[in-house]
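Here's the structure, in structure tokens; my notes come after.
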Amino acid sequence: MKNMFRMSKFGLFLSCIMAGNSISTFASEMQTLDSESEGTSRWEEALIIDHTSTDISIIPERWLNEARKQFRVWYGHTSHGSQITSGMHAINKGAFRFNATGNDDALSYQETGGDLGHRGDLRWMTKTKEHLDRPGNDTNVVMWSWCGGCSKNTEKGINRYLQAMTKLESEYPDVIFIYMTGHLDGSGVNGKLNKNNNQIRNYSRTHNKVLFDFADIESFDPDGNSFLQLGANDGGFYKRNGWGRRDSNWCEEWIAKYPDHGVALPDHAAHTHPLNGALKGRAFWWMMARLAGWNGKPEA
């Protein structure tokens, strides 16, 4: 893919507040979005960050250095989304260093509270525009995560999210907007969540977007074994026999299998096992290196 992606402690984890079906929407924004076209992507093909994007040992250091130099990230999330930051903290040194200001040659990584909401709620979009319109703002990567809003969403609500992201891309062409899937809820392959996540995946692939596939990362262990079809949830618990209660945890099983695994684990990752958080933090850095120009392959 050559260099087509090249472009010039929020310490308190907020609680994930379920707002239900009564969340208000922004009518004027909605009317605008309904008339929006899908637009033209800045990328030649989609960049999908998933369970195959967690081996940070093969990322050339020069691309991590380039990513820290190029990007200034602004990330909106509640507790589920904080898993990414927890995983990043476990390796926060050397080429993987980050802080809120970008001082000391670190990646500039700012966090804010909030998430992608329910059924077309666009408060996250309004907050994004307010941030990007501030005098002196230099953010060039924006990422928002879901709490429970993807699980209880509708096809129309997911379309509102996708249209809003596309609108932001057209209004702020110098900013990279990261699409994201919702976290697992145990409903499996045929559940509403997976259907909504597939809607986001299909749109991202078709229209050449950058997607952080949050759900895919927590659907597989590091050996590539899949647990979505066994009703896995966001904590790594699954139904060993495919039915009944969730009596097993793939994170615990993998660590027991590889006691000398060498993966730096955070002390805590909200709602999940530290291994799950670690994998998401590693995937974030994989994404940064890809955006900086790395082709995803080891260098000799």
Side-chain angles (χ1 to χ4, degrees), residues 4-8 23-49 67 70-78 81 102 107-147 149-150 153 155-182 196 199-214 284 287-288 290-293:
M4 63 187 171
F5 292 110
R6 174 170 293 184
M7 286 188 53
S8 139
I23 284 188
S24 62
T25 57
F26 295 79
S28 60
E29 289 281 10
M30 293 300 191
Q31 292 169 2
T32 302
L33 293 176
D34 284 339
S35 63
E36 280 292 313
S37 68
E38 289 165 344
T40 301
S41 174
R42 72 199 304 165
W43 313 117
E44 295 177 16
E45 60 183 84
L47 174 58
I48 308 298
I49 304 301
Q70 285 189 31
F71 300 122
R72 294 165 297 283
V73 180
W74 190 72
Y75 177 30
H77 65 82
T78 48
L107 175 73
S108 175
Y109 181 86
Q110 298 183 26
E111 299 169 90
T112 188
D115 60 38
L116 292 171
H118 292 67
R119 302 195 179 191
D121 174 20
L122 293 184
R123 281 177 286 189
W124 64 272
M125 182 184 188
T126 300
K127 188 170 183 177
T128 298
K129 295 171 83 168
E130 290 173 350
H131 172 77
L132 294 177
D133 289 341
R134 289 175 183 168
N137 170 68
D138 63 355
T139 295
N140 58 12
V141 177
V142 169
M143 182 169 73
W144 282 92
S145 71
W146 298 89
C147 188
C150 198
N153 224 309
E155 181 179 356
K156 184 176 181 181
I158 296 297
N159 276 331
R160 289 284 190 265
Y161 160 63
L162 298 172
Q163 292 166 350
M165 288 287 282
T166 300
K167 181 174 173 62
L168 286 169
E169 288 172 323
S170 68
E171 293 182 354
Y172 301 92
D174 294 328
V175 178
I176 300 172
F177 292 89
I178 310 300
Y179 291 67
M180 194 174 290
T181 55
N196 289 339
Q199 186 178 346
I200 297 169
R201 291 168 180 139
N202 292 338
Y203 184 89
S204 298
R205 292 190 180 98
T206 301
H207 301 291
N208 299 340
K209 306 301 185 182
V210 182
L211 172 66
F212 191 95
D213 200 335
F214 199 94
F284 177 87
M287 177 175 68
M288 288 291 99
R290 292 300 313 278
L291 291 173

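Positions are given from 1, in the same order as the sequence printed here.
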Please answer whether the main-chain N or O of Gly113 pairs with a side-chain N or O of Lys127 as donor and acceptor at a distance below 3.5 Å.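 Yes: the side chain of Lys127 pairs with the backbone of Gly113.
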Any donor and acceptor pair, going by atom type alone, linking the side chain of Asp115 with main-chain N or O of Thr78 inside 3.5 Å?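 No; judged by distance alone, with no hydrogens or angles, the pair does not exist.
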My understanding is that only residues two or more places apart in sequence, or in another chain, count here; which of them pass ring pair (Phe, Tyr, Trp, His ring centres under 6.0 Å) with Phe284?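 Scan of Phe284 (ring pair (Phe, Tyr, Trp, His ring centres under 6.0 Å), adjacent residues dropped) gives Tyr109.
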Taking the side chain as every heavy atom from C-beta outward, state whether Phe71 and Leu291 have any atom pair closer than 4.5 Å.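 The answer is yes; the side chains approach within 4.5 Å.
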Does any non-hydrogen side-chain atom of Val175 lie less than 4.5 Å from one of Glu169?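 They are not in contact (no side-chain heavy atoms under 4.5 Å apart), so the answer is no.
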With sequence neighbours excluded, residues passing side chain to side chain donor-acceptor pair (under 3.5 Å) with Thr139: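 By the side chain to side chain donor-acceptor pair (under 3.5 Å) rule, Thr139 matches His131, Asn137.
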Residue list, side chain to side chain donor-acceptor pair (under 3.5 Å) with Thr181, at least two apart or on another chain: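 Once residues adjacent in sequence are excluded, the partners of Thr181 under the side chain to side chain donor-acceptor pair (under 3.5 Å) criterion are Asp213.
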If the condition is side-chain contact (heavy atoms from CB on, under 4.5 Å), which residues does Asp138 pass it with, not counting sequence neighbours?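 For Asp138 the side-chain contact (heavy atoms from CB on, under 4.5 Å) partners, ignoring immediate neighbours, are Arg72.
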With Ser145 via side-chain contact (heavy atoms from CB on, under 4.5 Å) - residues at least two apart: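 Per chain and number, Ser145 pairs via side-chain contact (heavy atoms from CB on, under 4.5 Å) with Tyr75, His77, Met180.
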For a quick check under 3.5 Å, do Gln199 and Asn159 share a side-chain donor-acceptor pair by atom type?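 A pair is found: one side chain offers a donor N or O, the other an acceptor, under 3.5 Å apart.
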For the residue pair Tyr172 / Asp133, report whether a side-chain donor-acceptor contact shorter than 3.5 Å exists.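 The answer is yes; a qualifying pair exists.
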Between Lys167 and Glu171, does any side-chain N to carboxylate O distance fall below 4.0 Å?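 Salt bridge between Lys167 and Glu171, a charged N being under 4.0 Å from a carboxylate O: yes.
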For a quick test of reading the model, state the closest non-hydrogen atom pair linking Cys150 to Asn196 and the distance between them.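 Looking at all heavy atoms of both residues, the closest pair is O-ND2, 2.8 Å.
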What about the rings of Trp144 and Trp74, do their centers lie closer together than 6.0 Å?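 Yes; Trp74 has its ring centre under 6.0 Å from that of Trp144.
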